[in-house]
Amino acid sequence: MVCCPRTNRTDCIWWKKEIIYNEHLQKPQWVERQPTLAVCSQSLHEGAPSPEKTQSGVYTGYNTLNMALALPEDGVVVACDISEEYASIGKPFWKEAGVEHKIDLRIQPASKTLDDLLSSGQAGTFDFVFIDADKVSYDCYYEKSLQLLRKGGIIAVDNVLWGGLVLNPSPDDADTVAIDKLNKKLHRDTRINLSMLTVGDGLTLAIKL
């Protein structure tokens, strides 16, 4: 069962977008962001005071849309991905929802975008980072994102349960090993307060102290 906080035009865009994405990609429904996780993510954005967010991993742009919908008019989502092909699927829906002006899509490695933001003097100015990208680079994204965050800002890391594989990671599975190492690192990290939610495939919330 999926519960949504409201039923307006925006919610219709979410559902229509998910159906079209699945038809276009010829993938089963679970490839796109689960609506329960999308609503959770949007609620976090709405509760944060800063107008700046960053997202590592756009894919087809569903969660990017949720972030932008939660922002005030002067808010900006810096969206990081290496695929223009998949990101372009989401652009018509960003426009239909009236939020395309809030989305700064950067097609290059996310580590490069994060470095660009840091080198331009934006350390300590972001209040939310969502990480859902190549798993081997999760730790790199986490460290750079932590520098970008203000105190009290949140890093949300998706797929931290990884279908349960993190319970017994195979040494030959680089993605699972990377997620397991980050999970253990975050558990010991004194720079943050930590929560792990069993939403979707596992969502970690790290609040910068």
Side-chain angles (χ1 to χ4, degrees), residues 1-27 29-108 110 112-114 116-117 120 122 125-133 141 145 148-150 152-158 199-200 203 205:
M1 182 177 70
V2 176
C3 299
C4 295
R6 51 188 176 276
T7 54
N8 55 22
R9 178 173 173 275
T10 297
D11 290 319
C12 294
I13 291 172
W14 289 2
W15 290 106
K16 181 169 72 172
K17 178 173 184 292
E18 185 166 28
I19 293 168
I20 291 174
Y21 280 1
N22 292 339
E23 291 173 351
H24 178 88
L25 298 173
Q26 298 183 338
K27 297 283 186 71
Q29 184 172 354
W30 53 262
V31 301
E32 258 304 327
R33 175 110 4 249
Q34 296 182 28
T36 48
L37 185 55
V39 171
C40 176
S41 177
Q42 188 184 37
S43 297
L44 290 170
H45 303 318
E46 289 174 340
S50 168
E52 293 185 293
K53 327 279 182 182
T54 185
Q55 177 190 18
S56 295
V58 173
Y59 193 40
T60 50
Y62 186 26
N63 206 51
T64 308
L65 172 62
N66 296 322
M67 288 186 181
L69 287 167
L71 288 176
E73 277 304 304
D74 62 342
V76 176
V77 177
V78 180
C80 311
D81 211 295
I82 57 172
S83 171
E84 178 72 44
E85 176 187 2
Y86 287 135
S88 66
I89 298 171
K91 289 181 179 179
F93 299 96
W94 301 346
K95 182 176 182 179
E96 183 178 350
V99 297
E100 62 178 343
H101 64 287
K102 299 180 185 180
I103 299 170
D104 177 7
L105 176 62
R106 305 196 186 187
I107 303 298
Q108 62 180 6
K112 174 67 165 58
T113 296
L114 297 174
D116 289 346
L117 294 170
S120 64
Q122 297 192 59
T125 65
F126 282 71
D127 75 352
F128 191 91
V129 177
F130 185 85
I131 300 175
D132 182 11
Y141 301 151
S145 297
L148 284 171
L149 279 188
R150 62 170 176 82
I154 300 171
I155 299 176
V157 186
D158 199 14
V199 177
L203 181 71
L205 303 179

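Position 1 is the first residue of the sequence, and the numbers go up from there.
- Counting only heavy atoms from C-beta outward, the side chains of Thr113 and Val78 approach each other to under 4.5 Å.
- Under the 3.5 Å distance criterion, the side-chain polar atoms of Trp94 are left unmatched by any main-chain donor or acceptor of Ala68.
- To the nearest 0.5 Å, atoms CD1 (Ile155) and CZ (Phe128) are separated by 10.0 Å.
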Give the intermediate values and the outcome of side chain to side chain contact (heavy atoms under 4.5 Å, CB included) for residues Arg106 and Lys112.
CA-CA 10 Å; Arg106 305 196 186 187; Lys112 174 67 165 58; over 6 Å; no
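- Considering Val129, Val157, Leu117 as possible partners of Ser145, the one that fulfils the side chain to side chain contact (heavy atoms under 4.5 Å, CB included) test is Val129.
- Residues Leu148 and Leu114 have side chains in contact (heavy-atom distance under 4.5 Å, counting atoms from C-beta outward).
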Start with the C-alpha gap between Glu96 and Lys91, add the side-chain angles, then the distance that decides, and say whether salt bridge (charged side-chain N to carboxylate O under 4.0 Å, His left out) holds.
CA-CA 9 Å; Glu96 183 178 350; Lys91 289 181 179 179; over 6 Å; no
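- Looking at Ser120 and Gln122, their side chains do bring a donor and an acceptor atom within 3.5 Å of each other.
- A donor-acceptor pair under 3.5 Å is absent between the side-chain atoms of Lys102 and the main chain of Asp74, judged by distance alone.
- Between Thr125 and Arg150, every side-chain heavy-atom pair lies at or beyond the 4.5 Å cut-off.
- Open room surrounds CD1 on Ile82; 12 or fewer heavy atoms of other groups in view lie less than 6.0 Å from it.
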Derivation of the side chain to side chain contact (heavy atoms under 4.5 Å, CB included) call for Asp127 and Ile154:
CA-CA 6 Å; Asp127 75 352; Ile154 300 171; over 6 Å; no
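- Using a 4.5 Å cut-off on side-chain heavy atoms (C-beta onward), Met67 and Phe130 make contact.
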